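Since we're looking at a predicted model, the values are computed, not measured.
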Amino acid sequence: SSAMLATVLDPLINLMVAVSFPIASVIIIGGCFFFMIGNSERAWDTIFKASLGFVLIQLSPLFLDILRNVGEAVA
């Protein structure tokens, strides 16, 4: 059952990982515009959140693999 679920979710996870870089880039560029209009606190907040989201999405296959291994060890 877990192998089937992993097989079904793999394309979705791969799509999220592939799309995360362009989306994070656009958001970071938007944050840079906040610097230009003088709102540096919002700029740093936007850039930080986009960067953290990108890193977490890139690491999500690793997290899911760890969860899968723990589930197999328990079962």
Side-chain angles (χ1 to χ4, degrees):
S1 174
S2 67
M4 185 180 82
L5 182 63
T7 305
V8 170
L9 291 178
D10 278 342
L12 180 63
I13 293 168
N14 291 336
L15 178 67
M16 287 182 357
V17 168
V19 173
S20 66
F21 181 72
I23 292 175
S25 298
V26 169
I27 294 171
I28 289 172
I29 290 170
C32 292
F33 281 113
F34 286 123
F35 277 120
M36 292 173 60
I37 61 174
N39 196 349
S40 63
E41 185 167 325
R42 186 166 179 192
W44 284 119
D45 187 51
T46 302
I47 292 170
F48 174 75
K49 287 180 181 176
S51 302
L52 183 62
F54 173 74
V55 168
L56 290 174
I57 289 172
Q58 293 296 314
L59 291 176
S60 64
L62 175 67
F63 295 146
L64 294 173
D65 191 39
I66 290 171
L67 284 174
R68 185 180 306 142
N69 290 337
V70 168
E72 288 174 358
V74 171

**Q** Test of understanding: with side chain to side chain donor-acceptor pair (under 3.5 Å), list the residues that count as partners of D45, not counting sequence neighbours.
**A** K49
**Q** Using distance only, find each side-chain donor-acceptor pair of residues 34-41 under 3.5 Å and give its atom names and separation, not counting sequence neighbours.
**A**
none

**Q** Which residue pairs pass the side chain to side chain donor-acceptor pair (under 3.5 Å) test with at least one member in residues 27-38, sequence neighbours excluded?
**A** none
**Q** Apart from L15 itself, which Ile, Leu, Val, Met, Phe, Trp or Tyr residues share its cluster (side-chain heavy atoms under 4.5 Å, direct or through members)?
**A** V19, I23, I27
**Q** Table please: side-chain donor-acceptor pairs of residues 56-65 below 3.5 Å, with sequence neighbours left out.
**A**
unit_1 : atom_1 : unit_2 : atom_2 : d
Q58    : NE2    : V17    : O      : 3.1
Q58    : NE2    : S20    : OG     : 2.7
S60    : OG     : I57    : O      : 2.7

**Q** Who passes side-chain contact (heavy atoms from CB on, under 4.5 Å) against S51, sequence neighbours left out?
**A** I28, I47
**Q** Which heavy-atom pair separates A43 from G31 by the least distance, and what is that distance?
**A**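 Here A43 and G31 meet closest at CB-O, 3.2 Å.
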